[in-house]
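Reminder, nothing fancy here: chain letters follow the sequence lines and each chain counts from 1.
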Number of protein chains: 2
Amino acid sequence: MSTSKEPYHHGDLRPALLAAAEALLVAGGPAGLSLRAVARAAGVSHNAPYRHFASREALLAALAAEGFGRLGAALRQAGGLAGQGRAYLAFAAEHPALYRLMFGAELQGTSHPALREAAAGAFAALAGVAADRSTALAAWALVHGLAGLRADGHWPADVDPLAVLSIAIPAKP
Amino acid sequence: MSTSKEPYHHGDLRPALLAAAEALLVAGGPAGLSLRAVARAAGVSHNAPYRHFASREALLAALAAEGFGRLGAALRQAGGLAGQGRAYLAFAAEHPALYRLMFGAELQGTSHPALREAAAGAFAALAGVAADRSTALAAWALVHGLAGLRADGHWPADVDPLAVLSIAIPAKP
DNA sequence: GGGCGATGTTGGCGGCGACAACATCGAGGA
DNA sequence: TCCTCGATGTTGTCGCCGCCAACATCGCCC
């Protein structure tokens, strides 16, 4: 019979928990993301996550850090200021829940060094291609604002963010 | 003795709850904002808030809507595109927790008509002074991005957001 | 002046985050 | 080869929370 009992030890629980957490985050937002629900989704007991994450907040921080890693990789892969802008907006559009978690208030008071580091890494990718530091910051703020307004549903459907992008940010001289 | 018992009815509970909620929000972020804690802070029983707000989410939405109202008023009072940019950044800098709530993921899936309306009112104030709609949206996105990065601690301390603002957004012709 | 709706209280249920104690497994030294 | 030990997962529990139900108290209007 194939009723082979699940082994006592999962074997690869940490990534499984992160994957389950991201699915729950997409499905129900951060409010619906309980540690116990994540554990249920991964098929383990309600306390198993504590062997891999110190708290619910630590799990969210790990998820956000992973998101910053992915965003940084996408930025590094894209070419030029405009290309990075496109990549940034695409990331936010494809993973709005994760993007909101990365920049959201859930992790605000918290100081998770790995999270800060991951964020800094992503931003470093942006800074590399701009004419100077102020321009890079302006570009980042603009793209971040566009992404946030779109993710939050405040952006009118009939306006292309990319067109707006080209209005404000001058190309590298 | 002046041990005059508190009257059975508070008399003005709704604004008191909102004020207590904002204080708790500033103190501990949205995660620390429980309906029961708000009730305790206002000196009423744990169920009294339900006479004024249908749910915790409704209270948060009301708080955010109030924030949008204040932001819109500040924008309408400010003159010119640059003045509005300053006012927007000042609001976000003075009330970072409220600003994050207004745009945060807490209220994401939720459709509170009053909240949407309040947000639209604030944005209408911004749109009134720009050269055209695309420029207004670009200015809004840029200022919103600046405010968000600052509120989340991603903005370098040695760069003036206002200077960056003037880089990107052309003045009204 | 008396009823009634608005407002506030107590009580309770299920879910959650976190802690403690116990169970199970695999690896590595005797 | 076997046995111990640390890593990983489980059950049990506590207090807090959101929300529902039932009851208490007040002011207003007939």
Side-chain angles (χ1 to χ4, degrees), chain A residues 3-21 23-25 27-64 101 104-112, chain B residues 3-25 27-64 101 104-110 112:
Chain A
T3 60
S4 64
K5 314 283 288 296
E6 299 298 325
Y8 189 91
H9 289 93
H10 182 285
D12 204 21
L13 186 51
R14 200 189 134 105
L17 289 172
L18 283 173
L24 285 174
L25 180 71
L33 205 173
S34 77
L35 223 36
R36 289 167 106 105
V38 171
R40 276 192 297 272
V44 292
S45 81
H46 69 263
N47 247 0
Y50 284 96
R51 299 294 163 187
H52 301 272
F53 303 97
S55 65
R56 172 182 187 273
E57 186 185 84
L59 187 151
L60 291 178
L63 201 53
L101 175 67
E106 296 288 322
L107 304 169
Q108 210 42 42
T110 85
S111 63
H112 290 271
Chain B
T3 60
S4 64
K5 315 284 288 298
E6 299 299 323
Y8 189 92
H9 289 94
H10 181 286
D12 204 21
L13 187 52
R14 200 189 134 105
L17 290 172
L18 283 173
E22 184 170 359
L24 286 175
L25 181 72
L33 205 172
S34 76
L35 223 36
R36 290 167 107 107
V38 171
R40 277 192 297 269
V44 291
S45 78
H46 69 263
N47 249 359
Y50 284 95
R51 299 295 162 188
H52 301 273
F53 302 98
S55 64
R56 174 182 186 271
E57 185 184 87
L59 187 152
L60 291 178
L63 200 53
L101 175 68
E106 295 289 320
L107 305 168
Q108 208 43 44
T110 84
H112 289 269

Would you confirm whether A:Arg56, through its side chain, and A:Leu33, through its main-chain N or O, come within 3.5 Å as a donor-acceptor pair?
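Looks like yes, one N/O pair under 3.5 Å.
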Do [X] and [Y] come within less than 4.5 Å of each other through their side chains, counting heavy atoms only?
X	Y	value
A:Leu60	A:Pro30	no
B:Arg14	B:Arg51	no
B:Phe53	B:Leu63	no
A:Leu101	A:Glu106	yes
A:His46	A:Arg40	no

Which of residues 44-51 of chain B sit near DNA chain D, with a heavy atom under 4.0 Å from it?
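Those residues are B:His46, B:Asn47, B:Tyr50, B:Arg51.
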Within residues 33-41 of chain A: residues closer than 4.0 Å to DNA chain D (heavy atoms):
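DNA chain D contact set from residues 33-41 of chain A: A:Arg36.
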Whole Å only: how far is the [atom1] atom of [X] from the [atom2] atom of [N]?
X	N	atom1	atom2	answer
B:His52	D:dC19	NE2	P	16 Å
B:Asp12	C:dT7	CG	P	11 Å
A:Leu24	C:dC16	CG	C1'	14 Å
A:Arg56	D:dC17	CZ	C1'	13 Å

At what distance, to the nearest 0.5 angstrom, does CG of A:Asn47 lie from CZ of A:Arg36?
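Nearest 0.5 Å value for the CG-CZ distance: 7.5 Å.
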Quick one: CG on B:Leu18 to CG on B:Leu25, what's the gap to the nearest 0.5 Å?
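So the CG of B:Leu18 and the CG of B:Leu25 are separated by 11.5 Å.
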Mind listing the closest non-hydrogen atom pair of B:Val38 and B:Ala20 along with its distance?
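The answer is O-CB, 4.1 Å.
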Nearest heavy-atom pair of B:Leu13 and B:Ala42: which atoms, and what distance?
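For B:Leu13 versus B:Ala42, the nearest heavy atoms are CD1-CB, 4.2 Å.
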Between the axis at one end of the helix from C:dG1-D:dC30 to C:dA30-D:dT1 and the axis at the other (five pairs apiece), what's the angle to 10 degrees?
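Rounded value for the end-axis angle: 10°.
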